[in-house]
Structure formats: structure tokens, C-alpha cells
Amino acid sequence: FALILYTQSGSPAMTGSVLRDFPDVEQVSGYAYAALTWAVEQGLINGIGTPEGALLAPHGYASRAQVATILMRFMQKFAK
């Protein structure tokens with residue numbers, strides 16, 4: 001999902017390292033790394049709260065509420 005929004009935004013170059021704060025960062029596929037970095041840096045995705053800390057859960061499913069929240073944040077930030 002992050003990859004779709006990232007591509008729609010023109011795939012800006014990402015050099016940040018914000019994903020290293022997530023314990024499951026090694027599960028992020030190479031093709032999605034820049035997109036997830038962008039989504040986290042833009043505040044679209046914050047991770048899923050667990051007792052161990054926030055997780056990206058890159059192979060998980062997004063609930064309808066999560067998708068709605070991400071889309072609302074995207075539209076507020078990037079709608080013209």
C-alpha cells in the first residue's frame with residue numbers, strides 16, 4: 001500500500017534511516033524499502049503498537065481503519 005502512495009507521489013529519493021527503529025525492519029522487501037521509509041518520514045505510517053515496541057509488519061494485512069487513516073493523512077498532506 002505504501003508503495004502505491006509512494007509511486008503516486010513521484011517516488012522521491014529517500015536517504016533516511018527511520019526504519020532502523022523498527023525491530024522487524026529486516027522483513028521489509030528491497031523493492032518496498034524506499035516507499036516505507038518515505039511513508040514513515042511523512043507520518044503516513046507509524047507502525048503497529050506491541051509490547052515489544054512499534055512494528056512495521058510489512059507482510060501483514062492492513063485493516064480498513066488503518067487504510068482509511070493512511071489515506072486521510074495522505075490526502076491532508078498531499079491533496080492539491
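Computed from a predicted structure; not experimentally measured.
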- Query: Does atom CD of Glu26 have more than 12 heavy-atom neighbours, drawn from other residues, nucleotides or ligands, at distances under 6.0 Å?
  - Reply: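 It does: Glu26 CD has more than 12 such atoms within range.
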
- Please confirm whether the backbone N or O of Trp38 pairs with a side-chain atom of Glu41, one donor and one acceptor, at under 3.5 Å?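 No, Glu41 side chain to Trp38 backbone: no donor-acceptor pair under 3.5 Å.
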
Give the minimum heavy-atom separation between [X] and [Y], together with the two atoms involved.
| X | Y | value |
| --- | --- | --- |
| Lys77 | Gln42 | CE-OE1, 2.9 Å |
| Asn46 | Ala54 | O-CB, 4.0 Å |
| Pro58 | Asp24 | CD-OD2, 3.6 Å |
| Leu5 | Phe74 | O-CE1, 3.9 Å |

- Partner set under side-chain contact (heavy atoms from CB on, under 4.5 Å) for Tyr31, not counting sequence neighbours: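 Tyr31 satisfies side-chain contact (heavy atoms from CB on, under 4.5 Å) with Leu3, Ser29 only.
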
Does one hydrophobic cluster hold both [X] and [Y], with members joined at side-chain heavy-atom distances below 4.5 Å?
| X | Y | result |
| --- | --- | --- |
| Phe78 | Ile4 | no |
| Val18 | Tyr6 | yes |
| Met72 | Ile48 | no |
| Ile70 | Met75 | yes |

With the side chain counted from C-beta on, respond yes when [X] and [Y] share a heavy-atom pair under 4.5 Å apart, and no when they do not.
| X | Y | answer |
| --- | --- | --- |
| Val40 | Leu56 | yes |
| Arg73 | Ile45 | no |
| Phe1 | Gln66 | no |
| Val25 | Tyr33 | yes |

